[in-house]
Amino acid sequence: MAAVVTRHKHFAQEYLSTESKYVVEKKMPEKYIREESMIRGPKFVVRLRSHTVYENSAIKLFCTVEGYPTPHVKWFKDDVILDVSSGKYFVESNAGFHALTILKCATDDTAMYTAVASNTHGQASSQASIIVKRCKEEEKSSPYSWLPYQYAILPEIKYTKINITFTETFDVTFGKEGDKAHLLKESRWVKMESGGGVAKLSLTQLAKDDEGLYTLRMVTKGGDAVHRAYVFVDDGPPPVPQAPGAPMDIKIHDANRDYVIVSWKPPNTTTEGPIIGYFVDRCEVGTENWVQCNDSPVKICKYPVQGLFEGHSYYFRVRAVNSRGIGKPSRMSEPIAALDPTEFERLHATKLGGRLDVVTYYDDLEAEGKAPGPPSKVCASETDRTYVVLSWVPPVYRSKAPMWYYIEKLQVGAGSWQRVNTKVPIRSPRYAVFDLLEGKDYQFRVLSANMYGISEPSEPTNTVTTLQLKGVPSAPGQVVATRETDTSVLIQFVVHGLTTGETYVFRVQAINELGLSDESQESAPLTVRAALKLPSSPYDVSLLYCDGESMVLSWKQPLHFGGAEVTDYYIDKYNVAKKAWHEVNIPPIKERLHKARGLTAGSVYQFRVYGANIIGLGSASTPSAPFKCEAWTMPEPGPAYDVTCTEVRDDSVVVEWKAPVYNGTSAVTGYFVEKCKKGSDTWSKVNESSVNHCYLKVKGLETGASYVFRVRAENANGIGVASTSSDLEIKCGVDEESGDIYLSFESCQMKEKSKFAWKKSYQEITDFSKGIVVKTSGSHSTLLFKNPDKEDLGTYSVSVTHTDGVSASYKISTEELEKMLALSYDIRNPIIPLKTELAYKILERGRMRFWLQAEGISSAVTYKFFANNKELVNCEQTKMSHDAATGIIEMVMDHFTVDSEGTFTVQIQDGRAKAQSSLVLIGDAFKAALAEAEYQRREYIRVANLKKDSVFHWYKDDVEVIPEVPADLNSGVCKFPLTNFSKKDVGLYKATITDDRGQDVSQIDVSGKAFDDVINELSRIAGSSASELSIQCTAEGIMLQCHMKYYTEEMKIHWKQKDSKIAASERMRIGGNPAMATLEIVEPTDKDKGTYTIEIVDPEKMHSLYENAYAEFQRLKAEAYAEKNRGKVVGGLPDVVTIMEKKTLSLTCTVCGDPKPLVSWSKNDQEVEPSDQYVVAIDSGKFASLTIKGVSLEDSGKYTMTVQNKFGGESVDIVVSVYKHGDRIPEIKPTPTPKRIMPPTVPIVIPTAKSATPAPAVAKSPAPPQNAKTAAPPRGMNHWNPEAFFAFFGGWMA
């Protein structure tokens, strides 16, 4: 479908820019010519369109199809028919209009959707893609958003540990390197995922086409990271033994209205017999019917498929044939549509006004009645053995009548012009002429035609010669193979999957469309050696000379060459002032010495260097020290450079160097070498008199000691600066995985026959029985100590054969060995960190749970439990388990008895890591645990451990009572419901369980306080469920009703009329039923008018509620008194002040408070001290001011005035902006800041009146005024609960 999608995108890009949303298609009059074969078959008048939507939104795909008989439409998702019965998809079909609706899209709805229309005359299909994007974070709804605000809370989350890994986000691309490296894209064969620090590539239906080198490139802020892997694909078993494999790399070319050209590559196998030919198959999209296109096998790897239906989409595949039979088919091609490639180029849009366009063909624009002109520039764009693809430029055409073309051919020297297409008119200016003879010369010309006539023929093409079948190519020449990595070699392409150290020979076959050539000669044998890698970074970038405009730099070569010689270097410079890196050289530098030109005198620079080998560019060196670009004029010479050590012996070494670049004001006369022991800062001269050559053999060294050397040059004016020091080449360390102590050495001068020779005390190591192992890989060699001890102390040296004395030595001292042994022990014996030590918990039935929690364990963890040094086994009596997610390891002991006293221990091992924890249960601690366990065991036996013949009874006052619902002993809970609870239910209740083991009794006394508690709880439930009062008229009078969950006469319920309590009488009947409380007024009169209130009261809480309400009243009264008398700013201060410098600013306002408040001023939160410039004043205790004389720019800022007395105060801010004379007045938008209220500094004491304060809860509450709002009882006062009663009572007291 790639071609169809491309054309749709082209159309949308060209015409959607006019913001059109509707396209009106103008039908051609019936008098125009139409192809009879396309009238009756299905045809999409309006095709599907692609959409991109957010998840959870709706989407609708629609199309219009015409044809006779009426076509039937089926819908497919990624070539799988849609299941419309699932309820997710809704399909409509009405008079040629067809639609597919998805009401709520999810991300898995992202796919290619196909509508396939079919009738008895054929099929047609249309495709569109739907891309569903995830919602943005701010658009996501909370799962609890439906709750009210006060309840919209998350459930409690309990956890013991959260592991968080912060990873940098990165873009991921996958690529495949075949004949050409290309970027992989999502398809039915390739699925790519990335996120959460993981990138994944899935090849859904593996085929031989997928074989190759795959590359993952991650682009992060720190740069690119590349990883590669080679995928080998073996052919599956053929349908017939010895049949050929599947052809590969099938491609579609030159798709047109009724034909395409299919090409492929032969199978990638050589064990079967020669291939006779190929069959090409096609399948229309939406069906599973494969049709063979050629009757006899085609011998070349290209075939033109004709007879396609315009507008239909097809898949293609190829099968190879040999003498044994037909092989497996190739992977099918991408879907391709048979369409006129120039159809959209002939479209024309006419603006009608608003957002509506008319889209027509250029063919339909002008008046009728003219024959078209001849085409031009006819040429053969593709030539093969039996066909030629012609293309031409259409004539300028402005007629409404459709135009088509006729093609004529002429075989040179064999007759006249013959018309090629006599039955089917050609619409597009491109056509393939088939059925030509091989190796013949032809000419072609094209004629334009419409209903009014035929044009003159075009100019004929140049002579076109069809190709002639010549055969397969000849065998390639000599094969030259070179090393690439430790598992691959290079033969103009990379051969992967080889074994390091093995020797291989190679041969090559050439391929063309006819098949494979003979095999080439074998290559010379090649051994696969160490992997080639990028070099490490150079180091020790040094300055050797500066002339004020340039600097001469030197550096040391990388320690790791990556298996190939470092041939090129690149330098970057960094101007410290400008803070930017720039390249110094574009062409690579071959030597480790370079003059950086074009520098600015007086500027400070840093440099970094990259090394490159055959693989590529390595990492950059550490930036050099800052070098100032100023000319050297010192009389002494500059530093020597490139100091190296060779011929390392037990007491001597040869030091070599190169002469300084800068000699000073006179010639260099000699050199001095200095040495320094490793770990020391003391340098000493090696030679007392200078040497005039660039090397020196240093003798008298301490065997096993490590040294570094540096060189100074001398001239007539003195001794110059020192060079950079030489290197220590042997490295000592501990392997982080195995814990082995190692000595490692890498040589950059390895040759084909070079080998490493390790020695101890300069004697060759021959005894490997004590765990010493030598591992060598390429230019790197490692000496491992598997079981190090004191016998391994000493001096170790290594030399490389077939080099110029490359060698080094290292002494392992006692102190260093002890440090490395400790580090090795920690690596080999890691400890599992524990969050909690071993603890216990007593469970039901008296079982004992021993448990601990580790910081983290894997699913492969192992552990053992011990009791008094005796290992316990995992069985029914001691069940052991662990949870890797939480790190909990536990053991449940079924029988905890007197014999269990002692020490419990658990030992854990997870990989190499170990841990142990113990718990001591002796003495009082054990007795307490045992007592609790026995109690839990008795409870279990008493309640839960029942037998089938156990009998349960209820008794009240020793008289058996039988509940309506019999006791269910299996549930473990037996209930005795008391309906209509009242004083008649007071008594002693007993429950008994009896079986052959005896009887168990449990009792409860429901009387006195227990009875009152039940009534109070019922009052609470009734109060929280009480409804509004309602009125019910009866024959005797009026009944007030209050419905509630439960009512009984023992509940403390008060009825009131106008705040006066109503006593029960013959006229005022107080009562109710279990569902409501009632007050019946018998024979009501006018005196009974008024407001009635019902109160459900808890007597125990009445007094405390009053006290709480009274205390709240006193607090609110005190706060109101303090608010009235605290310090306040009444007004007069602006929010922003703008003033020109040298003017006088006066900030004045009115303040109040009782007692008179204190006023203070601050600037930018620093107190303003009164001075000649700052004058602070307060007049009559009411008018406060701050005067600033001769303001300056420094006086700009935030000023704060604070007013405060013992009852509190407040502060306000003023922004002052000072500008210079002549400048524009700055525009500062005032941003009012609220006043900040300050609390009282001392407890509030309200002055008391002479009359004594009435005692709370004794004096009778005064009746509220008649016009008060509280005369009518508010909603909710018909029932009681502490919060409602408190709010009402406190409000009345206030």
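Every value quoted in this text rests on a predicted model; they were computed, and no experiment measured them.
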Distance, nearest 0.5 Å, that separates CZ of Arg592 from OG of Ser542: 10.5 Å
Pair Asp642 + Lys556, salt bridge at N-O below 4.0 Å: no
Value rounded to 0.5 Å, distance of CG in Asp572 from OH in Tyr605: 14.0 Å
Heavy-atom donor-acceptor pair, Asn1164 side chain to Gln1166 backbone, under 3.5 Å: no
Aromatic ring proximity Trp657/Phe709, centre distance under 6.0 Å: no
Nearest non-hydrogen partners of Asn715 and Pro635, listed with the distance: ND2-O, 2.9 Å
Asp547 backbone acceptor or donor facing Tyr662 side chain under 3.5 Å: no
Lys191 atom NZ, over 12 foreign heavy atoms within 6.0 Å: yes
Donor-acceptor pair, side chain of Ser1171 and main chain of Tyr1174, under 3.5 angstrom: yes
Under 3.5 Å: donor-acceptor pair, side chain of Asn585, backbone of Tyr569: yes
More than 12 heavy atoms of other groups within 6.0 Å of Leu823 CG: yes
Atom of Glu636, atom of Gly718 and distance for their closest heavy-atom approach: CG-C, 4.0 Å
Electrostatic pair Glu674-Arg712, nearest N-O below 4.0 angstrom: yes
Nearest atoms (heavy-atom pairs only) where Ala713 meets Pro637: O-CG, 3.3 Å
Spatial distance of atom CE (Met192) from atom OG (Ser202) [nearest 0.5 Å]: 10.0 Å
Enclosure of Glu583 CD (heavy-atom neighbours >12, cutoff 6.0 Å): no
Step-by-step side-chain hydrogen bond (donor to acceptor under 3.5 Å, both in side chains) determination, Gln606 to Asn575: CA-CA 7 Å; Gln606 288 181 282; Asn575 190 320; over 6 Å; no
Rounded distance (nearest 0.5 Å) linking atom CD1 of Ile1188 with atom NZ of Lys1143: 15.5 Å
Inter-residue atom distance Trp632.CH2 - Tyr545.OH, 0.5 Å rounding: 9.0 Å
